[in-house]
Amino acid sequence: MTRKPMTSAKSFTTHSIRELLTGSVPLDSNVTIEGWVRTRRDSKAGLSFIQVNDGSCFGNLQVVANNELANYSSEVLHMTSGSAVRCSGVLVASQGRGQTHEIQATQVSLLGAVENPDSYPIQPKQHSFEFLREVAHLRPRTNTFGAMTRVRHAAAKAIHDYFDQHGYFWINTPLITASDAEGAGQMFRVSTLDLLNLPRNDAGGIDFREDFFGRETFLTVSGQLNVEAFCLAMSKVYTFGPTFRAENSNTTRHLAEFWMVEPEIAFADLNDLVALAEDFLKFVVRQVLERCGDDMAFFAERIEPAAITRLQQIIEQPFQRVSYTDAVQILIKSGKKFEFRPEWGIDLQTEHERFLTEQHFKAPLVVTDYPAAIKAFYMRSNDAAATSDDTVAGDTVAAMDVLAPGIGEIIGGAQREERLDVLQQRMQAMHIDAEHYDWYLDLRRYGTVPHAGFGLGFERLVSYITGMTNIRDVTPYPRVPGNASF
RNA sequence: UCCCCGGUAGCUCAGCUGGUUAGAGCGGGUGACUGUUAAUCACUAGGUCGUUGGUUCGAAUCCGACCCGGGGAGCCA
C-alpha cells in the first residue's frame, strides 16, 4: 500500500515498514514512514539512530537522523520510546550491521510526544506478561503482542480461506439466544429490566414477559444448533465469531469471551469430521508459517523453542487416532500413577490428556467414541460398543476431541444424532426440555441426513501456534472472572 | 469454586532469624564517548514497602482480615 503523505513533503511516498524491509521499494527512493519509536541511540558525532515500528511487520526500520535537521536538538534528541513520528528521507543500504535497510532522514517530525518518558510503561526490555495485562492498551507496542496480533490475523484469514476454498458458507449465528444451547455452561444474562425494580409474576418470580425480548435471553455459548439448520440446506457451513461462557474458570486456557470456529458438514459421519479437522488444522498452520516467518522466529527464540518445529511436525505427520475405550486402556496399562485413576465412564482428566499427547503418542491426538453419559444430548449414539479387548464398554457416542500437546483439548466435535426417535429418547433421558428445541427437532422431521461438526477454540489455536501459554495473552482484551478492564 | 505462591522505585527484582538514612539492574534526566545495535561510562532524580487492624520500645520484615495478581485443579473451546 502506498499513498500520499499527510504533509507537504513532495515526492516522498508513504510506505509501510514491511514494504521497505522486504525490498519492494528500490534503494535511493525518497520515502516516508510513520510509526512509533522503539529505541533511540545517540552518537555525539552528531547523529541519532531511531528504531521505528509501525506494526506492519516484526522488524523495525532504522532511521538515521543527523544534527543538521532543524529540530535535531529540540525534538529528535527527546524522541523516547513510544513517541509517534513521521520520517522522510532516502532509503539506502545500511552502513551498519544488524539491518539491511535504513533511511537517511531529511525530515523527522514528532507527531505525538510521550508526556512522561520516565513513567511510560513500555520500555525496550522484557516485561512480565502479568504486568502487560495491566496495560493492555499499550501492550500492542511490544514485540510479543505485535507478533501475536499478526499471527492471530493470519490464522483467522487462513480459517476463512480454507472454508472458502472448500465450498463452505460463513453463517453468522445469533449472539443473543433464548435457549441454553447444549447446556455447555453458565450463560450471561441479557436483559433490559431494571434490576432495582424487577417485574414479578404471580408465582413471585421475575416476569420476563416484561423484558426486551419478552422472554429470558442470554449470550450464546455456541452457534452449533443454529448452524445445523443452515448445514441441512447449504451442505457445508461454518461459524466464526464470539462466544460467551459465564463459568468461574480461572485457568490459562479459559476466557469468558472467546472466538470459536464451528464447521458443520452434511452427508458426513465421524470419519469425515476427523479428516476435516486434520486437513483444516494443517492448512491453517501452514499458512501461518508461510506468512509470519519473522513473528514465528521470534516466538521460537523468546517464547517456545519448539514453536516452529512442532508446527512443522503437525503439517508432516498424520494425526494419531484412538478410541476413548482404548485410550483408557493405554492409561491403565501405562502403570503411571495419576491423581485420578483412569476408569471407563469417567472423562479424561487434564493429566490423562497430557500423558496421551505428550508422552505416549507425542503428537496431536484424536480421541473418539466417548461414553454417552458424559457427552451432550445431540451427539449420535453408536450402534455397538467398540472395544479392542475384553473390556466391557458401555454406550458410546460418535464424539471426537483433538488434543494438542501442551494445550489439551483444542477441538471438540461429534457426528450429530439425525434420527428423530433416538434424539428424543436421549433428550428425555437427559431431562432436556424438548419444548425449547422443537425447531431443532424439525430438522430431523424434514429431510434429515447424517451430519457432523466441531468447535475450535480460536484463542487456544493461537496459543498453541505461538507457544504463548496463557490464553489471556493471545486475545487483545481478555475477559475473565473479576476482570473486564479496558 | 478449591489448593498453593506472590504484592518493595516507571519495569524486573534483592532486602524478610524485627534494629541507624530501604538497595541493584534496566528505564528517565544531565554530561562524556562512539555508524550505533536492548550501545558503553559517569553523575543524578525517583519509594505512604497492596490496604487495614494488631504484637512490639521499634515492623518492608511477625500475626489476622481484606483487596489485587500468578500457578495448579475442576468445568470446557
Side-chain angles (χ1 to χ4, degrees), chain A residues 38-51 59-60 62-66 77-78 80-82 92 94-99 102 104 114-135 138 142-143 181-186 221-224 239 242-262 302 338-340 346-351 353-354 374-376 401-404 407-413 454-464 469-473 475 480-483 485:
Chain A
R38 283 293 174 82
T39 60
R40 187 197 79 244
R41 293 178 295 276
D42 302 321
S43 164
K44 275 300 187 300
L47 67 165
S48 293
F49 302 92
I50 309 169
Q51 298 287 342
N60 305 322
Q62 174 162 283
V63 174
V64 184
N66 67 42
L77 288 180
H78 302 284
T80 53
S81 297
V92 298
S94 179
Q95 295 174 31
R97 287 199 206 102
Q99 61 277 320
E102 66 189 25
Q104 289 287 348
V114 170
E115 287 189 13
N116 295 304
D118 58 341
S119 63
Y120 179 64
I122 309 299
Q123 299 162 6
K125 56 166 283 190
Q126 283 207 334
H127 292 92
S128 68
F129 294 132
E130 293 86 345
F131 168 70
L132 290 173
R133 278 170 219 146
E134 291 167 14
V135 287
L138 295 173
T142 63
N143 283 332
E182 351 71 286
Q186 291 291 108
V221 294
S222 167
Q224 181 204 314
T239 72
T243 309
F244 308 89
R245 303 266 168 100
E247 228 94 67
N248 191 10
S249 298
N250 295 288
T251 78
T252 54
R253 54 192 184 283
H254 287 88
L255 292 167
E257 176 182 309
F258 63 100
W259 282 58
M260 189 152 66
V261 181
E262 297 171 294
R302 293 293 183 88
F338 295 103
E339 193 182 337
F340 295 89
I346 295 171
D347 208 357
L348 297 179
Q349 304 290 309
T350 299
E351 57 177 338
E353 296 179 349
R354 294 191 66 145
I374 58 172
K375 287 295 182 180
D401 282 0
V402 178
L403 310 178
I407 292 285
E409 183 177 344
I410 197 168
I411 282 179
F454 65 72
L456 165 89
F458 183 57
E459 282 78 8
R460 288 190 181 175
L461 176 65
V462 177
S463 178
Y464 182 66
T469 53
N470 194 317
I471 201 163
R472 297 164 198 200
D473 300 326
T475 196
V480 295
N483 194 338
S485 304

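In this text the structure is predicted, and so the values were computed from the model without any measurement. Quick note on labels: first sequence line is chain A, next is B, and so on, each numbered from 1.
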* Test salt bridge (charged side-chain N to carboxylate O under 4.0 Å, His left out) applied to R40(A) - qualifying residues, sequence neighbours left out -> D42(A)
* Which value, in whole Å, describes the distance between the P atoms of nucleotides rU61(B) and rA65(B)? -> 16 Å
* Asked: Contact class for L461(A) (heavy atom, under 4.0 Å): base, sugar-phosphate, or nothing?
  -> nothing
* **Rounded distance in Å between the C1' positions of rG54(B) and rC41(B)** => 50 Å
* Separation of E130(A) atom CD from rG6(B) atom C1', in whole Å? -> 10 Å
What N/O pairs connect the protein and nucleotides 1-3 of chain B at under 3.5 Å? Give each pair on its own line.
unit_1 : atom_1 : unit_2  : atom_2 : d
rU1(B) : OP1    : N248(A) : ND2    : 2.8
rU1(B) : O4     : N248(A) : O      : 3.3
rU1(B) : O4     : N250(A) : ND2    : 2.7

* Residue N483(A), side-chain heavy atoms: nucleotide from rG69(B), rA39(B), rA77(B) that is nearest -> rG69(B)
List the atom pairs, donor and acceptor, that lie under 3.5 Å between side-chain atoms in residues 456-463 of chain A and the rest of the protein, sequence neighbours left out.
unit_1  : atom_1 : unit_2  : atom_2 : d
E459(A) : OE1    : W259(A) : N      : 3.0
E459(A) : OE2    : R152(A) : NH1    : 3.1
E459(A) : OE2    : R152(A) : NH2    : 3.1
E459(A) : OE2    : W259(A) : N      : 3.4
R460(A) : NE     : R253(A) : O      : 3.1
R460(A) : NH1    : E409(A) : O      : 2.9
R460(A) : NH2    : R253(A) : O      : 3.0
S463(A) : OG     : M468(A) : O      : 2.6

* Asked: What nucleic acid atoms does I122(A) come within less than 4.0 Å of, heavy atoms only: base, sugar-phosphate, or nothing?
  -> nothing
* Using the P atoms only, state how far rU40(B) lies from rG50(B), rounded to an integer number of Å. => 31 Å
* Nucleotide rC68(B), atom P - distance to CD of E134(A) in whole Å -> 13 Å
* Asked: Just by modelled atom types, is the V92(A) backbone N or O under 3.5 Å from a matching donor or acceptor in the Q104(A) side chain?
  -> no
* **Any side-chain heavy-atom pair of R133(A) and D473(A) under 4.5 Å** => yes
* Structure fact -> side-chain contact (heavy atoms from CB on, under 4.5 Å) filter on T252(A), not counting sequence neighbours, yields N470(A)
* Structure fact -> Rounded to whole Å, the CD-C1' distance (E257(A) to rA77(B)) equals 14 Å
* To do: Please list, chain by chain and in numerical order, all residues satisfying side-chain contact (heavy atoms from CB on, under 4.5 Å) with F131(A), sequence neighbours excluded.
  => P121(A), H127(A), S128(A), E134(A), V135(A)
* Structure fact -> Here the distance between atom C1' of rC75(B) and atom CZ of F258(A), to the nearest Å, is 12 Å
* **Residues forming a salt bridge (charged side-chain N to carboxylate O under 4.0 Å, His left out) with R38(A), sequence neighbours excluded** => none
* Structure fact -> When N470(A) and L255(A) are each assigned the nearest nucleotide of RNA chain B, the 5'-most assignment goes to N470(A)
* Atom CZ of R253(A) and atom P of rC76(B): how far apart are they, to the nearest Å? -> 12 Å
* Asked: Considering only the C1' atoms, how many Å lie between rG18(B) and rC62(B), rounded to the nearest integer?
  -> 8 Å
* Contact under 4.0 Å: Q349(A) side-chain N or O vs rG74(B) OP1/OP2 -> yes
* Asked: By side-chain contact (heavy atoms from CB on, under 4.5 Å), which residues pair with R41(A), not counting sequence neighbours?
  -> T39(A), F49(A), Q51(A), Q62(A)
* Asked: Quick one: is R472(A) getting a side-chain N or O under 4.0 Å of the rG70(B) phosphate, OP1 or OP2?
  -> yes
* Residue list, side-chain hydrogen bond (donor to acceptor under 3.5 Å, both in side chains) with N66(A), at least two apart or on another chain -> none
* Only counting residues at least two apart or in another chain, list the ones meeting side-chain contact (heavy atoms from CB on, under 4.5 Å) with T469(A). => none
* Asked: Do I346(A) and F340(A) have side-chain heavy atoms sitting under 4.5 Å apart?
  -> no
* **Each stem that RNA chain B is part of, given as range with range (3 or more consecutive Watson-Crick or G-U pairs, under 3.5 Å)** => B:1-7 with B:67-73, B:10-13 with B:23-26, B:28-32 with B:40-44, B:50-54 with B:62-66
* Span that lies between the P atom of rU12(B) and that of rG70(B), in whole angstrom -> 13 Å
* To do: For rU17(B) and rG7(B), measure between their P atoms and round to the nearest Å.
  => 14 Å
* To do: Do nucleotides 27-37 of chain B as a string where each nucleotide becomes B, S or -: B if the base has a protein heavy atom under 4.0 Å, S if just the sugar-phosphate does, - if no protein is that close.
  => SSSS--BBBBB
* With sugar-phosphate meaning primed atoms plus P, OP1 and OP2, does R133(A) contact a base, only sugar-phosphate, or nothing at under 4.0 Å between heavy atoms? -> sugar-phosphate
* Measure distances between side-chain N and O atoms of R245(A) and base N and O atoms of rA77(B), and say whether any donor-acceptor pair falls under 3.5 Å. => yes
* Among rA73(B), rA39(B), rG71(B), the nucleotide that comes nearest once only the side chain of T350(A) is considered -> rA73(B)
* OP1 or OP2 of rA77(B) sitting under 4.0 Å from any side-chain N/O of S222(A)? -> no
* In whole angstrom, give the distance that lies between atom CD of E353(A) and atom C1' of rA73(B). => 13 Å
* Which whole-number value in Å describes the distance from H127(A) NE2 to rG69(B) C1'? -> 17 Å
* **Euclidean distance for C1', rG31(B) against rA9(B) (whole angstrom)** => 23 Å
* Asked: Between E339(A) (CD) and rG72(B) (P), how many Å, whole number?
  -> 14 Å
* To do: Could I get the full list of side-chain hydrogen bond (donor to acceptor under 3.5 Å, both in side chains) partners for T350(A), not counting sequence neighbours?
  => none
* If the C1' atom of rC49(B) is compared with that of rA22(B), how far apart are they to the nearest Å? -> 8 Å
* Has the side chain of E262(A) got a donor or acceptor atom that lies under 3.5 Å from a matching backbone atom of G455(A)? -> no
* If you measure from CG on L255(A) to OG1 on T243(A), what distance do you get to the nearest 0.5 Å? -> 11.0 Å
* To do: Nearest-nucleotide wise, let me know which of R302(A) and W259(A) is further upstream toward the 5' end of RNA chain B.
  => R302(A)
